[in-house]
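Comments concern the structure below.
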Amino acid sequence: MRNRSGYGRVRLAEGIILIALGVLTLVRPNLVFTSAVVIYAILAVFLGILDIVAYARQEVFFGFGPVLSLITGILSVMTGCMLLLHQDAGKAVLLILFPLWFIAHCVSRLTRLNYIRFTFGDLHFYFTMIINIIGICLGFIMLFEPRIAFITLGGVLGLYLILLGVDSVWLSISRKGSL
């Protein structure tokens, strides 16, 4: 068994934050647009930094694929900073920026599938692939049908964030290593 780096603890923290945010979104959907700008901005910055770290760790081993992780990481950090600096504008454009970030983050996770299969096996590979394909579909639905997104955002997004959190916790406690 390999020694674990601090990155496994970061992935565990990411999972706990995503699960907590998902539960909060399910329990208090009216908070989605009032406090969501700040919460999701911080989450976007945090996940963007993790995507950049993933690029730095995987680029040597997997060639060009992780470059998408770097690009989506930078986009996530930029989106998060914009939402933190311009909260009023953030509320108005949340229906556009959030789906774009959602899609970008899912694409970033899909670029790591070879590494996940190699390190964690087929079960986690398929789980990650399925929830991120669902995430991309949800992102496009939110982007092209904002009314549907506004009505269903709390429930659908809450459940999806919980699944992402479970995925991150699973990665962090895996005995085969840490992503």
Side-chain angles (χ1 to χ4, degrees), residues 9-51 54 69 72-73 75-84 86-113 116 120 123-174 179:
R9 289 183 289 248
V10 171
R11 185 62 74 184
L12 179 64
E14 173 191 2
I16 292 169
I17 290 169
L18 285 169
I19 291 170
L21 190 56
V23 170
L24 177 67
T25 304
L26 280 173
V27 173
R28 301 282 307 229
N30 59 335
L31 292 178
V32 171
F33 286 107
T34 55
S35 62
V37 173
V38 173
I39 292 170
Y40 290 123
I42 292 169
L43 183 63
V45 170
F46 181 72
L47 293 177
I49 291 169
L50 287 179
D51 285 343
S69 184
T72 58
L75 287 173
S76 290
V77 171
M78 289 172 45
T79 300
C81 289
M82 193 290 297
L83 289 173
L84 283 172
H86 304 286
Q87 292 177 12
D88 291 334
K91 290 176 186 175
V93 297
L94 188 61
L95 289 176
I96 295 170
L97 285 180
F98 186 72
L100 290 176
W101 168 74
F102 211 71
I103 292 167
H105 184 69
C106 290
V107 167
S108 172
R109 284 184 167 228
L110 287 174
T111 64
R112 300 181 216 157
L113 284 178
I116 289 171
F120 301 99
L123 181 62
H124 195 84
F125 168 82
Y126 289 116
F127 181 76
T128 301
M129 182 176 62
I130 290 169
I131 67 168
N132 284 291
I133 289 172
I134 291 170
I136 289 171
C137 294
L138 289 173
F140 279 111
I141 290 170
M142 288 188 288
L143 189 61
F144 294 116
E145 290 295 333
R147 289 175 294 161
I148 293 173
F150 185 77
I151 294 169
T152 63
L153 189 63
V156 173
L157 183 59
L159 289 174
Y160 182 72
L161 288 172
I162 290 170
L163 285 175
L164 275 179
V166 167
D167 183 49
S168 293
V169 169
W170 191 354
L171 281 172
S172 74
I173 62 174
S174 172
L179 175 62

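Because the structure is a prediction, the values reported are computed rather than measured.
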State, yes or no, whether a side-chain contact exists between H105 and L75 at a heavy-atom distance under 4.5 Å. no
Taking C-beta and beyond as the side chain, do L43 and L18 meet within less than 4.5 Å on heavy atoms? yes
Does any N or O in the side chain of Y160 come within less than 3.5 Å of the main-chain N or O of G22, such that one atom is a donor and the other an acceptor? no
Euclidean distance, S168 OG relative to L50 CG, rounded to 0.5 Å: 8.0 Å
Taken in chain and number order and not counting sequence neighbours, the residues that satisfy side chain to side chain contact (heavy atoms under 4.5 Å, CB included) with A41 are L83, L84
Report the residues that fulfil side chain to side chain contact (heavy atoms under 4.5 Å, CB included) with L159, sequence neighbours left out, ordered by chain and then residue number. L26
Just so I know, are the side chains of L164 and R109 near enough to count as touching, which here means a heavy-atom distance under 4.5 Å? yes
Hey, are the side chains of L100 and T79 touching, using non-hydrogen atoms and a 4.5 Å cut-off? no
Please list, chain by chain and in numerical order, all residues satisfying side chain to side chain donor-acceptor pair (under 3.5 Å) with S76, sequence neighbours excluded. W101
Gap between atom CE of M142 and atom SG of C137 - 0.5 Å precision: 11.0 Å
Rounded to the nearest 0.5 Å, what's the gap from CG on L12 to CD1 on I17? Could you check? 10.0 Å
Taken in chain and number order and not counting sequence neighbours, the residues that satisfy side chain to side chain contact (heavy atoms under 4.5 Å, CB included) with M129 are L110, L113, F125, Y126, I133
Tell me every residue that passes side chain to side chain contact (heavy atoms under 4.5 Å, CB included) with T72, counting only those two or more places apart in sequence or in another chain. D51, A104, S108
How are the rings of H124 and F120 set to each other: parallel, tilted or perpendicular (split at 30° and 60°)? tilted
One should read off an interatomic distance between I131 CD1 and L163 CG, to the nearest 0.5 angstrom, of 5.5 Å
For residues 15-24, pull every pair meeting salt bridge (Lys or Arg N to Asp or Glu O under 4.0 Å), keeping only residues two or more places apart or in separate chains. none
Closest approach of C106 to I136 (non-hydrogen atoms, all atoms of both residues): CB-CG1, 3.5 Å
How long is the span from the CG atom in D167 to the CD1 atom in I19, to the nearest 0.5 Å? 10.0 Å
Does the side chain of E14 come within less than 4.5 Å of V10's, by heavy atoms? no
